[in-house]
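Have a look at the structure below before the remarks.
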2 protein chains.
Amino acid sequence: MLMQNNHAFENAEKTGEAINAGQSLSSLFLSSAAEPVAAGKAICWEGDQAKHLFQVEEGVVRLHRIIGEGRRVITAFHFAGDLIGASLQNDFIFTAEAVTECKIRRMSRKSFHDEVARSDALGPAYISLLCQEAAAAHEQMVLLSKKNAEERLCSFIVKLASRRNPRQGLVRIPMNRQDIADHLGLTIETVSRTITKLASRNIVIPEGRHDLRIVNLARLKQLSGDADDFSDDSCHRVNLH
Amino acid sequence: MLMQNNHAFENAEKTGEAINAGQSLSSLFLSSAAEPVAAGKAICWEGDQAKHLFQVEEGVVRLHRIIGEGRRVITAFHFAGDLIGASLQNDFIFTAEAVTECKIRRMSRKSFHDEVARSDALGPAYISLLCQEAAAAHEQMVLLSKKNAEERLCSFIVKLASRRNPRQGLVRIPMNRQDIADHLGLTIETVSRTITKLASRNIVIPEGRHDLRIVNLARLKQLSGDADDFSDDSCHRVNLH
DNA sequence: CGAAAACTTGACTGAGGTCAAGTGGTGTGG
DNA sequence: CCACACCACTTGACCTCAGTCAAGTTTTCG
């Protein structure tokens, strides 16, 4: 399927154009060294001047904001190939931290914009990337606004599963429960309970803390509440008409 | 303050650059006629091919998505001067409807992109607009993820108030309670009750359905939960119950 | 003026949050 | 290799904020 993704958590379906967009922008970062970042370490801080863009060469990164009293919102996760900071103007509006051990490349905002301005291909690629991010943000707003705990978890798992995963049916969950909770607007306990419930219905099987075996992907998609799909309950969309 | 805004619900603080960005893009639409749209009527539909961009010449527009069983999410409101559809690639991912009687200009996506490509100034303006939309989406995710009903309402009112409003202290609320509820991830009853509660504490005074007198803007900002504000409760948080 | 729509208010409910144990896997030092 | 401790996670009991349902009230409009 996809060898490289521009932005974490996009819809699985991408136009060939969009994929190329990410690849061509990523190539700008190849001239800089891949810096190792230990799990849990920050890559940039909310409020700092956004002098650089980053590219995730390897590993998983979380973007978050803290609003008083330790309320943390993880607005996105970024995976290998993704760019961080493309949609910024002046300052970082999020803190980026390594979820796992990472390799990160960086590039100054100025030279990034210079390169984009210089090339005919890069401008549209950049705009395409920003549009994809907007679509992802849109999707997340719907999730946070109207979905219940089960729908949120199922949406999340389906998205993870739609990334290229090594073994069929086994999805890697690189982040811990607290990260998932803060991304889905839930608590750690609710995440835990909901996974347990899905497991008891034999929809997924947890294999250790960081892997999930997907038993019934169709059901998972159905439960993710992205309606307009099979509105009549049972899943015989197959033999209609 | 601002004569024109590019995107609904941005932070009030904008760089001069950003304002110019919106203005220069807006000028592209001047060659097309301003079409009147009656309140409640749709301007474009989710799922349709996004062949046009729109500019709000006059009035207020809501963007929404419906996810099964009549769950509606209003992802944004757009006001005079704002562009609609800038962040789209192929299809509309929202339905746009007039909240009030509107005047709308349109422009084909193709000629919009041609014009942007042709001009040196328009490319950065376009990118700037997309970044502002990203920041707004970010903000909304935080609201939906971590704020309670009162904080949501206060955030909403503060944003409305930060737009240029004719009379000092009197904020126009063009949309109805259901629209507010669907934008803030609440129900109509909770919106109503929360406004009543703010009124009883003499923070705002409702003047009819569509106007609010702001009695205590500082308190309103404080209650909007965007922390990092005055964490030491200087503002007599103490002797209220 | 009457009817319908928009909004408010009240009583009750429930999904998910909070608080508090309990469990299990992992890493470290002996 | 085990013992211990620690941390991430799970589970249970209880609570609360906002949702639901049902009147009631006000505004709008034909």
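Each chain gets a letter, A, B and so on, in the order the sequences are listed, and its residues count up from 1.
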If you take atom types as modelled and just measure distance, does the side chain of Glu189(A) reach the base of dC19(C) with a donor-acceptor pair under 3.5 Å?
yes

Rounded to whole angstrom units, what separation is found between the NZ atom of Lys147(A) and the P atom of dG16(C)?
14 Å

Residue Arg177(B), side-chain atoms from C-beta onward, closest of dT26(D), dT9(C), dT8(C)
dT8(C)

When rounded to whole Å, the CG to P distance for the pair Asn148(B) and dG16(C) reads 17 Å

Report the distance from atom CD1 of Ile195(B) to atom P of dC7(C), rounded to the nearest whole Å.
9 Å

Is any side-chain N or O of Arg152(A) under 3.5 Å from a base N or O of dG16(C), one able to act as donor and the other as acceptor?
no

Gln178(A) CD to dC9(D) P, in whole Å, measures 9 Å

N/O (side chain, Thr187(B)) to phosphate O (OP1/OP2, dT20(D)) under 4.0 Å:
no

Upstream residue (5' side of DNA chain D) when Leu186(B) and His210(B) are each assigned their closest nucleotide:
Leu186(B)

From the list dG17(C), dA18(D), dT27(D), which nucleotide is the closest neighbour of the side chain of Thr190(B)?
dA18(D)

Round to a whole Å and report the spacing from CG of Asp179(B) to C1' of dA5(C).
14 Å

What's the verdict on side-chain contact (heavy atoms from CB on, under 4.5 Å) for Thr75(A) and Gln140(A), showing C-alpha distance, side-chain angles and the deciding distance?
CA-CA 8 Å; Thr75(A) 51; Gln140(A) 186 70 1; over 6 Å; no

Between Arg72(A) and Asp179(A), is there a side-chain N and carboxylate O pair less than 4.0 Å apart?
yes

From the set dG24(C), dG19(D), dC7(C), return the single nucleotide nearest to any side-chain atom of Arg193(B).
dG19(D)

Distance test, side-chain N/O of Ser192(B) to OP1/OP2 of dC7(C), below 4.0 Å:
no

